[in-house]
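In the text below, chain A, chain B and the rest are named by the order of the sequence lines, each starting its count at 1.
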Protein chains: 2
Amino acid sequence: MCSCGSPLLVDYNLDELQKNFTAEDLKGRENSIWRYHELLPVEDRENVVSLGEGMTPLVSFTNLGEDMSLENLYMKDEGLIPTGSFKARGAAVGVSKATEIGVDELAMPTNGNAGAAWSLYSARAGLQSTIVMPKDAPEITRTEVSLSGSNLYLVNGLISDAGKIVGKAVKDYNLYDASTLKEPYRIEGKKTMGLEIAEQLNWKLPDVIVYPTGGGVGLIGIYKALKELKTLGLVEGSLPRLVAVQSTGCAPIVQAWENGERESEFWNDSSTLAFGINVPKALGDFLVLDALYDTDGCAVAVDDQAILDEQEKIAGLEGSFVCPEGAATFVAIRKLREEGWIGQNETVVGLNTGAGIKYPDTVQVDPEMLEKNDTL
Amino acid sequence: MCSCGSPLLVDYNLDELQKNFTAEDLKGRENSIWRYHELLPVEDRENVVSLGEGMTPLVSFTNLGEDMSLENLYMKDEGLIPTGSFKARGAAVGVSKATEIGVDELAMPTNGNAGAAWSLYSARAGLQSTIVMPKDAPEITRTEVSLSGSNLYLVNGLISDAGKIVGKAVKDYNLYDASTLKEPYRIEGKKTMGLEIAEQLNWKLPDVIVYPTGGGVGLIGIYKALKELKTLGLVEGSLPRLVAVQSTGCAPIVQAWENGERESEFWNDSSTLAFGINVPKALGDFLVLDALYDTDGCAVAVDDQAILDEQEKIAGLEGSFVCPEGAATFVAIRKLREEGWIGQNETVVGLNTGAGIKYPDTVQVDPEMLEKNDTL
């Protein structure tokens with residue numbers, strides 16, 4: 001971070017790059033985020049720590065689109081990535097860069113999935129890691145962290161409480177602080193979602209991109225990516241309107257946006273089953289809000305029951321088992337379409353930030369039990 | 001199936017295709033199994049039901065390889081695919097072809113993951129499906145099946161018991177039987193693992209491919225793919241030695257291979273935590289054994305404790321949380337390397353058939369709990 005307490009962002013010499021970098025250069029490159037290495041901060045390829053992350057499918061959601069009178073609806077499926085969530089992108093770049101600058105041991109608070117990703121990528125890189133997560137974080141992420149050999153602690157509180165514990169440990173033990181926006185490289189990894197959406201749509205930007213927003217780094221990253229692509233001349237026209245989706249049980253950015261504020265206020269007693277977006281105050285809230293204002297976007301809060309209903313609808317109509325945060329994305333799209341904020345002919349990309357299989361307790365199932373000689 | 005009771009296999013006019021099909025043709029095509037459409041049975045692109053499956057990463061396992069004195073070890077990661085297991089490949093092609101031939105409703109027995117994949121792809125295609133699985137199948141697969149709107153039944157027994165119930169239902173209600181090898185298209189989907197391995201290694205075949213074997217369709221498919229590539233002239237030299245991995249608690253194919261038999265015998269009281277390979281008698285056992293004999297391969301049984309140990313080792317050394325069946329693969333490689341059956345310089349590809357996150361109960365974790373004001 002800057003000594004003033006603000007997050008640092010990575011800057012590239014885009015004017016120089018622009019001179020001889022075209023979309024053609026990407027053809028035939030590997031199917032991972034590293035195809036965009038000119039726009040990533042790792043300088044020596046030897047330091048790249050990769051499990052094949054990136055180039056996740058952009059799936060056409062024709063049936064769901066029809067169900068909400070929307071002709072061009074897509075889901076970017078971040079379930080198909082190592083560790084089963086988009087956090088792998090930030091971890092891949094963050095751990096690679098940590099390796100490059102000589103880090104031995106890192107620490108971070110997490111709502112679960114980021115910790116899982118960072119601990120597994122750290123294991124691959126041979127770094128030690130310390131992870132603190134709320135006791136209510138998805139249980140499977142405990143297994144991922146623990147199995148990787150990281151130091152895992154639970155806290156009887158929220159991610160903000162985990163953050164305080166990590167903040168102190170970082171000072172006490174001189175650890176590398178890998179918390180959201182306390183190092184500038186995670187955002188570079190998440191940025192690749194924006195690069196991929198542009199490339200997968202053949203460099204024609206969609207009208208709207210909708211993102212479930214906790215810490216907001218994904219949205220900040222997508223915004224940064226699109227601006228970089230524009231500077232490079234790979235895309236043209238206005239940027240997509242960016243939409244931040246939160247839960248009615250934790251909506252600090254929605255509240256700030258509705259009040260026209262540039263920063264959010266701490267949301268007390270936050271609660272939602274979409275655990276990844278249970279972040280009462282994001283360090284990068286002002287960057288998220290900038291992105292919304294600058295692109296004529298908006299912020300929308302959705303409730304837990306609507307999330308569960310949409311999750312089932314998506315599975316039944318599109319065959320995809322999305323995570324609750326991903327379902328929240330499509331609730332918001334439905335709502336914005338109903339209100340007319342999204343037009344019928346607009347091209348809309350919704351992010352499913354992780355695999356539904358990471359949240360086994362979200363859905364209760366009670367199937368009929370047969371004995372061996374029973375018939376249907 | 002054939003009226004004689006044997007499985008049917010799809011045959012292509014390879015001689016004709018060979019005349020003007022080269023590796024160059026694949027460049028720039030989509031990152032999914034459908035890049036190989038000339039070698040898939042769906043005739044009209046309109047019938048393709050896809051969630052972006054395929055082109056899963058072939059990840060270098062340098063650290064684990066070093067741990068077992070093996071210089072060129074790779075993992076093909078089938079966790080990064082819709083529904084989190086390689087079963088998505090068979091379902092994508094199987095459901096697409098079912099759509100093409102006008103099926104409305106299908107039924108199948110499953111150890112969990114195949115049912116999850118087929119029900120979700122069926123939902124996407126608008127087909128009705130009926131799925132019967134053992135009560136001990138991974139619980140998350142119940143959620144996937146149920147959420148997709150399929151008819152889900154559990155049976156107090158094994159997949160062979162589920163198979164009998166489905167067999168009767170298929171006749172009683174005139175359903176399309178999507179059981180393993182009772183339709184010829186699933187194998188075509190799984191075949192794509194072999195096509196991808198060859199392409200990802202730049203058309204230079206590895207020395208050994210190791211596969212966790214339940215029904216064995218993946219292994220049969222890989223073998224078929226490699227033979228087709230050879231006929232097309234895309235690969236040269238001997239085929240890789242194929243290895244079938246089973247559990248010591250359910251090893252009918254290993255037993256048959258050790259006795260030099262062409263078919264396996266029903267394995268009584270089978271049991272293993274690697275549930276996907278708990279198949280006491282595979283309909284395609286003779287095809288699996290053919291593939292092993294024809295390639296100078298072998299069959300290996302590994303025990304559950306070794307699977308758990310290897311799973312932890314893989315997470316700690318490579319940062320990948322593999323499923324128990326995937327861990328079994330690497331136990332077998334370790335064993336064959338120790339015995340000298342695999343040489344130090346040989347190139348070995350092990351299949352991880354699914355995401356570890358689908359099996360939350362495999363690993364027990366008991367982390368320390370902190371209160372809000374605690375320090376580390």
Side-chain angles (χ1 to χ4, degrees), chain A residues 27-28 31-32 51-52 55-57 59 77 80-84 120-124 130 132 135 139-140 142-144 146-149 152-157 161 164-165 168-169 172-173 311-312 315-321 355 357-358 360 363 365 367-372 374-376, chain B residues 27-28 31-32 51-52 55-57 59 77 80-84 120-124 130 132 135 139-140 142-144 146-149 152-157 161 164-165 168-169 172-173 311-312 315-321 355 357-358 360 363 365 367-372 374-376:
Chain A
K27 286 199 178 154
N31 295 323
S32 79
L51 288 160
M55 288 307 273
T56 56
V59 181
D77 192 358
L80 305 197
I81 202 162
T83 77
L120 283 160
Y121 278 89
S122 291
R124 186 164 174 83
T130 295
V132 186
K135 69 173 171 42
E139 273 195 51
I140 189 69
R142 296 184 193 176
T143 306
E144 294 175 274
S146 175
L147 209 62
S148 74
L152 169 63
Y153 299 92
L154 304 184
V155 59
N156 187 14
D161 302 302
K164 283 176 202 155
I165 292 170
K168 178 136 194 345
D172 291 350
Y173 304 105
Q311 190 185 37
E312 185 166 359
L317 288 175
E318 296 292 358
S320 185
F321 180 21
I357 52 178
K358 291 198 90 170
V363 184
V365 176
E368 187 178 339
M369 177 78 78
L370 305 173
E371 294 301 323
K372 291 182 185 181
D374 284 352
T375 55
L376 298 190
Chain B
K27 286 198 175 153
N31 295 323
S32 80
L51 289 160
M55 287 308 272
T56 57
V59 181
D77 193 357
L80 306 196
I81 201 162
T83 78
L120 283 160
Y121 278 89
S122 291
R124 188 165 174 82
T130 295
V132 185
K135 70 173 170 44
E139 274 196 49
I140 189 69
R142 295 183 193 176
T143 306
E144 294 175 274
S146 175
L147 209 62
S148 74
L152 169 64
Y153 299 90
L154 304 183
V155 59
N156 186 15
D161 302 302
K164 283 175 203 156
I165 292 169
K168 177 133 194 348
D172 290 351
Y173 303 104
Q311 190 186 37
E312 186 166 359
L317 289 175
E318 297 292 358
S320 185
F321 181 23
I357 52 178
K358 291 198 90 170
V363 184
V365 176
E368 189 178 337
M369 177 78 79
L370 305 174
E371 293 302 321
K372 291 183 187 182
D374 285 351
T375 54
L376 298 190

Heavy atoms, side chains only, cut-off 4.5 Å: are [X] and [Y] in contact?
X: B/D374; Y: A/Y153; value: no
X: A/L80; Y: B/P82; value: yes
X: B/K372; Y: A/K164; value: no
X: A/P360; Y: B/E139; value: no
X: B/D77; Y: A/L51; value: no
X: A/L152; Y: B/V365; value: yes

Name the region of [X], side chain, backbone, both or neither, that has any atom closer than 4.5 Å to a heavy atom of chain B.
X: A/S146; value: side chain
X: A/S32; value: neither
X: A/I81; value: backbone
X: A/K168; value: side chain

Exercise: identify the closest heavy-atom pair between [X] and [Y]:
X: A/P57; Y: B/G52; answer: CG-O, 3.6 Å
X: B/Y173; Y: A/L376; answer: OH-O, 2.7 Å
X: A/I357; Y: B/K358; answer: CD1-CG, 3.5 Å
X: A/L147; Y: B/A315; answer: O-CB, 3.5 Å
X: A/S320; Y: B/L120; answer: N-CD2, 4.2 Å
X: B/V59; Y: A/R124; answer: CG1-NH2, 3.4 Å

Taking every non-hydrogen pair under 4.5 Å, which of B/V363, B/T83, B/I165 racks up the most with chain A?
B/I165
Spacing of B/L370 atom CG and A/L154 atom CG [to the nearest 0.5 Å]
7.5 Å
Distance (rounded to the nearest 0.5 Å) between A/E312 CD and B/S148 OG:
9.5 Å
